[in-house]
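FYI, the numbering just counts along the sequence from 1.
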Amino acid sequence: MTTKKTFAQLLVLPAMLVSLSATAATEFDQPGDGPFFGESANGQWLIGGKYVEMNNRDDGLEASNNAGIILGYEFNRPVWKGKAAFEFQYLPTSSDGTVNSSSQSNPSIYPYPGKWENPLYSGYVVYRTPGSVLYGKAKAGIVASRFKITLDDGTIIQENKTQVGYGLGLGVHIGRHFDLELEYEGNQGKSQLYNFGINGIVKFP
C-alpha cells in the first residue's frame, strides 16, 4: 500500500473521534450551533517527541530504535470522565537492528548477516483516564510499517504492511502543559513487531 493511501486511511480517525466525543453528551444537553452534529469540538493541540525500542519476536533479529514526532488534538469535552484525542505519529528508524544467527540449533529465519529497520506511520484514537497526576492511556488505530532488511552483500528484503494497531501506557502530568508517558505498542495480524517507548507531549494553548 502506498504512503498516500495510508495517510488517506489515517484521516478517517478524527471523524471517528468526533463521533465518540459526541456520544459523551448527557440527555440534558441541548443542540448547539457547532459544526459536528450541532456540537463544537473545542480542545488543545498536542505536539511531542517519541523514542522507542523496536523489537521483533523472530529469532536472530536484535532490537532497533526509532525516534520521531507526535501530532494530535485532545478534546475538552469529557468522555467517560477522561479525555479523548487523536494522534498521528511518524517514527523513522534512528539506529538499525542487526540480523544474525542466534544459535546453530535455532538460527534466524532470515538470511544473515545484515541490518534491519522498520519506520512507522500511524494514526490513533486515544483515551486518557482521569487523574490529577497519574493517568492511564489506551489507543487503537491504523499502523503502516515499512520493514526492511539489508544484507551485507547488498540484498534487500522489504515488506510493507498496513494493519490495526493498539497501545497501552501510563502517563504523568508534569505541570499544566506537559505530559510524560511510558507506552507499549503492538498490532494485530501476522506481524512480529512491537515496541516500548517514552513520549514527551506539550499541550497548546
Exercise. Taking the six-membered ring for Trp, are Trp116 and Phe147 parallel (under 30°), tilted (30 to 60°) or perpendicular (over 60°)?
Worked result: tilted
Problem set entry | Set of residues satisfying side chain to side chain donor-acceptor pair (under 3.5 Å) with respect to Asn195, sequence neighbours excluded | Glu185
Exercise. Is there a donor-acceptor pair closer than 3.5 Å between any side-chain N or O of Asn42 and the backbone N or O of Asn76?
Worked result: no
Seminar exercise, completed: Contacts of Pro119 meeting side-chain contact (heavy atoms from CB on, under 4.5 Å) (sequence neighbours excluded), chain-then-number -> Thr93, Glu117, Arg146
For this session: Using the side chain to side chain contact (heavy atoms under 4.5 Å, CB included) rule, take Thr162 and Ile142 through it: C-alpha gap first, then chi angles, then the decisive distance, then the call.
Result: CA-CA 7 Å; Thr162 300; Ile142 298 172; 3.6 Å; yes
Exercise. Taking all atoms of both residues into account, what is the closest heavy-atom pair of Ala67 and Leu91, and its distance?
Worked result: C-CD2, 4.1 Å
Problem set entry | Test side-chain contact (heavy atoms from CB on, under 4.5 Å) applied to Ala63 - qualifying residues, sequence neighbours left out | Glu53, Asn55
For this session: List for me each residue that meets side-chain contact (heavy atoms from CB on, under 4.5 Å) alongside Pro130, sequence neighbours excluded, and say none if there are none.
Result: Lys81, Tyr127
Exercise. Val172 versus Val133: any side-chain heavy-atom pair under 4.5 Å?
Worked result: yes
Problem set entry | side-chain contact (heavy atoms from CB on, under 4.5 Å) involving Thr155 - partner list, sequence neighbours excluded | Leu151, Asp153
Seminar exercise, completed: side chain to side chain donor-acceptor pair (under 3.5 Å) filter on Asn65, not counting sequence neighbours, yields Tyr51, Ser95
For this session: Could you go through the side chain to side chain contact (heavy atoms under 4.5 Å, CB included) check for Leu120 and Val143 one step at a time?
Result: CA-CA 7 Å; Leu120 295 178; Val143 178; 4.0 Å; yes
For this session: Decide yes or no for Ile70 and Asn199: does some side-chain heavy atom of the first lie under 4.5 Å from some side-chain heavy atom of the second?
Result: yes
Seminar exercise, completed: In short, ring-ring contact (aromatic ring centres under 6.0 Å, His included) pairs touching residues 163-188 with sequence neighbours left out are Tyr135-His173, Tyr184-Phe196
Exercise. So, Phe204 versus Trp45, ring centres under 6.0 angstrom or not?
Worked result: no
Problem set entry | Side-chain heavy atoms of Gln44 within contact of Phe75, under 4.5 Å | no
For this session: Please collect all salt bridge (Lys or Arg N to Asp or Glu O under 4.0 Å) contacts where either partner lies in residues 169-179, sequence neighbours excluded, each pair once.
Result: Asp179-Lys203
Seminar exercise, completed: side chain to side chain donor-acceptor pair (under 3.5 Å) filter on Asn56, not counting sequence neighbours, yields none
Exercise. How long is the gap from OH on Tyr73 to CD1 on Ile47, to the nearest 0.5 Å?
Worked result: 15.0 Å
For this session: To the nearest 0.5 Å, tell me how far Asn118 CG sits from Leu61 CG.
Result: 10.5 Å
Exercise. Can you name the nearest heavy-atom pair linking Gly200 to Leu180, along with the distance?
Worked result: CA-CD1, 4.4 Å
Problem set entry | Matching residue for Met54 among Ser94, Ser64, Ser145 - test: side-chain contact (heavy atoms from CB on, under 4.5 Å) | Ser64
Problem set entry | Partners meeting salt bridge (Lys or Arg N to Asp or Glu O under 4.0 Å) with Lys137 (sequence neighbours left out) | Glu87, Glu181, Glu183
For this session: Work out which heavy atom in Asn187 is nearest to a heavy atom in Leu193; give both atom names and the distance.
Result: ND2-O, 3.5 Å
Problem set entry | Any Lys148 side-chain heavy atom under 4.5 Å of Ile157 side chain | no
For this session: Go through Phe88 and Tyr90 one step at a time and tell me if the ring pair (Phe, Tyr, Trp, His ring centres under 6.0 Å) criterion holds.
Result: CA-CA 7 Å; Phe88 296 96; Tyr90 171 54; over 10 Å; no
Exercise. Does some side-chain heavy atom of Thr129 sit less than 4.5 Å from a side-chain heavy atom of Trp80?
Worked result: no
For this session: Could you list the residues that satisfy side chain to side chain donor-acceptor pair (under 3.5 Å) with Glu62, not counting sequence neighbours?
Result: Thr98, Asn100
